[in-house]
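I'd like to ask some things about the structure below.
Everything numeric in this text was worked out from a predicted model, so none of it was measured. Numbered from 1 within each chain, the chains take letters A, B, ... in sequence-line order.
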There are 2 protein chains.
Amino acid sequence: MEDATGPKHDGPESGGQIDRRKGRMATDVASLLRERISTGEMPPGERLREVQLCEEFGVSRTPVREAFRTLAAEGLVDLLPNRSVVVSKLQADDVRHLIVVFAEVEALAARLACERITDDEIKEIGRLLNEMVDCHGQRERAAYLKLNQKIHRRTIEISGNPVLLAVWQSLAPQIERARALPNLDSSRWTDALFEHSKMFTALATRDGAQLAELTRQHFLNALPYINESIAESA
Amino acid sequence: MEDATGPKHDGPESGGQIDRRKGRMATDVASLLRERISTGEMPPGERLREVQLCEEFGVSRTPVREAFRTLAAEGLVDLLPNRSVVVSKLQADDVRHLIVVFAEVEALAARLACERITDDEIKEIGRLLNEMVDCHGQRERAAYLKLNQKIHRRTIEISGNPVLLAVWQSLAPQIERARALPNLDSSRWTDALFEHSKMFTALATRDGAQLAELTRQHFLNALPYINESIAESA
DNA sequence: GGCTTCAGTCTTGTATGCAAGATACCTTAA
DNA sequence: TTAAGGTATCTTGCATACAAGACTGAAGCC
């Protein structure tokens with residue numbers, strides 16, 4: 001569209017951070033698309049046309065198509081046979097269902113992490129939490145969210161269960177998508193931070209049952225905000 | 001290898017139930033491979049060579065490669081860049097981790113299902129359970145396992161949470177793979193059946209908390225048998 | 001004997017051709 | 001004006017050609 005004289009591929013275009021080494025292109029394309037979908041840059045319902053993405057990334061259709069399969073298995077896009085691939089819809093119900101499951105996944109991770117966490121790791125999480133508090137003070141929401149995700153990811157990693165990590169990784173992008181909805185997170189920002197504080201106390205004292213319950217509630221508390229948020233985005 | 005004069009494709013070979021309509025081949029190939037991996041017909045570590053599968057299924061490499069991506073996202077195979085795709089290993093630790101997560105997923109489903117199950121659905125599950133008891137009496141293990149999975153699947157469906165269903169579907173093939181290990185299930189057969197009886201009682205009385213706990217234990221009880229079973233298969 | 005090197009072969013990764021299904025648009029008739 | 005139908009165009013799905021990385025094995029060297 002931007003250039004009708006389509007050069008097939010002449011190197012990475014502006015913004016196309018594709019590693020053109022053999023064997024990584026499909027994976028890289030999947031990562032880039034995953035990122036765009038997670039952040040909401042590609043909103044639910046958007047059609048993904050193969051050739052358009054090919055030209056943008058400077059690759060052929062094959063790696064793009066393979067990336068689609070990966071994303072489809074992750075639930076980020078729907079493959080409509082013989083029709084376009086579209087970013088999967090994020091209905092209010094879906095998000096609610098997602099959060100219920102995610103809360104349980106995180107609760108399990110929290111419980112397991114309490115059994116295994118080292119003193120050093122407790123310090124590490126503590127540092128991250130402090131940074132997060134600072135971000136809140138300076139209203140740096142993007143940085144806050146990055147730290148927030150990092151804390152949760154580290155907790156899963158510390159739990160030492162690779163299956164749990166895999167499940168978490170498959171759901172996390174969807175949660176990020178939901179977070180990109182207006183006001184879902186921001187109206188809960190301060191409360192969420194206090195909850196994190198309490199959670200850290202439970203973690204530092206290795207109180208698994210308590211941490212699991214706090215974690216579960218941390219996510220379930222977001223539920224009431226969902227309807228409002230989805231409605232606004234529509 | 002078996003036939004150097006490679007005919008590209010001349011219709012579905014013996015056992016190749018590929019629907020050759022446009023738009024379904026990759027999906028069908030994925031289903032067939034998933035089945036083979038789940039049943040243990042393709043054991044962990046087996047290398048999947050593209051051309052070999054192409055010839056067997058009578059399709060080109062493209063749909064096979066796309067199926068690989070799907071299976072990789074499901075964790076059934078590992079994509080080794082520039083090397084073969086291999087059926088992912090099923091280590092003792094992996095199975096243990098898998099069961100811990102699966103138990104929680106099923107427990108959540110059980111709790112949610114209790115809130116929503118109708119009287120008719122209770123009758124339906126009851127019928128399935130009775131059939132299962134009959135299978136046990138006649139030592140028909142394969143039929144028993146099919147019914148067993150059906151009961152669990154119906155429970156997830158009744159829970160009414162599509163995200164939970166998606167997670168369950170991504171883990172279930174791995175559980176089936178573990179079940180294919182020698183003696184993992186058979187030595188627990190009778191006990192497992194009694195546990196199912198108790199679980200049904202909780203379900204029929206819609207006692208969510210009780211059913212969740214029974215379900216969790218039902219899976220965790222298998223843990224002690226894992227080591228032994230994995231050792232035997234190695 | 002064991003290790004390294006290098007050529008040949010094998011297997012995978014990417015690009016592209018071609019056909020089938022889907023979409024859009026234009027014509028035509030009521 | 002609207003609805004129906006048909007055609008042109010677009011987009012996807014599959015097959016296949018070609019290239020790059022990985023493997024194999026034999027020869028040469030220590």
Side-chain angles (χ1 to χ4, degrees), chain A residues 1-2 4-13 16 18-33 45-73 77-87, chain B residues 1-13 16-33 45-73 77-87:
Chain A
M1 214 35 83
E2 42 202 358
T5 75
K8 290 302 152 53
H9 58 278
D10 45 329
E13 325 255 323
I18 298 287
D19 183 342
R20 291 195 55 80
R21 266 180 298 178
K22 183 173 185 282
R24 307 199 171 180
M25 290 165 56
T27 309
D28 279 8
V29 170
S31 298
L32 284 173
L33 292 178
E46 174 154 331
R47 291 180 61 175
L48 277 56
R49 289 208 183 68
E50 293 178 3
V51 280
Q52 183 180 321
L53 294 169
C54 294
E55 288 170 8
E56 180 177 354
F57 293 143
V59 302
S60 82
R61 288 171 52 212
T62 307
V64 172
R65 288 179 57 81
E66 297 191 353
F68 283 169
R69 288 277 162 183
T70 300
L71 298 173
V77 302
D78 295 324
L79 303 176
L80 311 178
N82 289 319
R83 302 216 295 290
S84 290
V85 170
V86 302
V87 178
Chain B
M1 212 39 78
E2 44 201 359
D3 184 6
T5 75
K8 290 304 149 53
H9 58 275
D10 45 328
E13 327 258 319
Q17 305 89 338
I18 299 287
D19 183 341
R20 291 196 55 81
R21 265 177 300 177
K22 185 172 183 287
R24 307 201 172 180
M25 288 165 57
T27 309
D28 281 6
V29 171
S31 299
L32 286 173
L33 293 178
E46 174 152 334
R47 293 179 59 173
L48 277 56
R49 288 209 185 65
E50 294 178 2
V51 280
Q52 184 180 322
L53 293 169
C54 293
E55 288 170 8
E56 180 178 353
F57 293 143
V59 301
S60 81
R61 288 172 54 211
T62 307
V64 172
R65 289 179 57 81
E66 297 190 351
F68 283 170
R69 289 274 161 187
T70 300
L71 298 174
V77 301
D78 294 323
L79 303 177
L80 311 179
N82 290 318
R83 302 216 295 291
S84 289
V85 170
V86 302
V87 178

Atom CD of B:Glu66 to atom P of C:dG13: distance rounded to whole Å?
13 Å

Expressed in angstrom and rounded to an integer, what is the separation of A:Phe57 atom CZ from C:dA15 atom P?
13 Å

Are B:Arg20 and B:Val59 close enough, and set up right, to give a side-chain contact (heavy atoms from CB on, under 4.5 Å), and what steps lead you there?
CA-CA 8 Å; B:Arg20 291 196 55 81; B:Val59 301; 3.7 Å; yes

B:Ala30 versus B:Ala67, closest heavy-atom pair with distance:
N-CB, 3.6 Å

Only one of A:Glu46, A:Arg47, A:Glu50 clears side chain to side chain donor-acceptor pair (under 3.5 Å) with A:Ser84; which?
A:Arg47

Is B:Leu48 touching bases, backbone alone, or none of the nucleic acid, heavy atoms closer than 4.0 Å?
sugar-phosphate

Roughly, in whole Å, what's the span from CG in A:Leu80 to P in D:dC10?
21 Å

Rounded to whole angstroms, how far apart are CG on A:Asp19 and C1' on C:dT14?
14 Å

Specify the separation, in whole Å, of atom CE of B:Met25 and atom C1' of C:dA20.
13 Å

OP1, OP2 of C:dG13 versus side-chain N and O of B:Arg65: anything below 4.0 Å?
yes

Can you tell me if the side-chain N/O atoms of A:Ser60 get under 4.0 Å from OP1 or OP2 in C:dA15?
yes

Whole-Å distance between D:dC14 P and A:Arg69 CZ?
7 Å

Determine: side-chain N/O of A:Arg49 to OP1/OP2 of D:dT11, distance under 4.0 Å, yes or no.
yes

Tell me what B:Arg47 touches on the nucleic acid: a base, only sugar-phosphate, or nothing, going by heavy atoms under 4.0 Å.
nothing

Between D:dA20 atom P and A:Lys22 atom NZ, what is the distance in whole Å?
9 Å

Any side-chain N or O of A:Thr62 less than 4.0 Å from the OP1 or OP2 oxygen of C:dT14?
no

Nearest-nucleotide wise, let me know which of A:Arg21 and B:Ala26 is further upstream toward the 5' end of DNA chain D.
B:Ala26

To the nearest angstrom, the CD-P distance between A:Glu50 and C:dA22 comes to 15 Å

Interatomic spacing from CG in A:Leu48 to CG in A:Leu71 - rounded to 0.5 Å
8.5 Å

Any side-chain N or O of B:Ser84 under 4.0 Å from OP1/OP2 of C:dT12?
yes

Have a look at B:Arg61 and say if it touches a base, only the backbone sugar-phosphate, or nothing, with a 4.0 Å heavy-atom cut-off.
base

Can you tell me if the side-chain N/O atoms of B:Arg24 get under 4.0 Å from OP1 or OP2 in D:dT12?
no

Tell me whether the OP1 or OP2 atom of D:dT11 has a side-chain N or O from A:Arg83 closer than 4.0 Å.
no

Kindly say whether B:Leu80 contributes a backbone atom to a donor-acceptor pair with the side chain of B:Asp78 at under 3.5 angstrom?
no

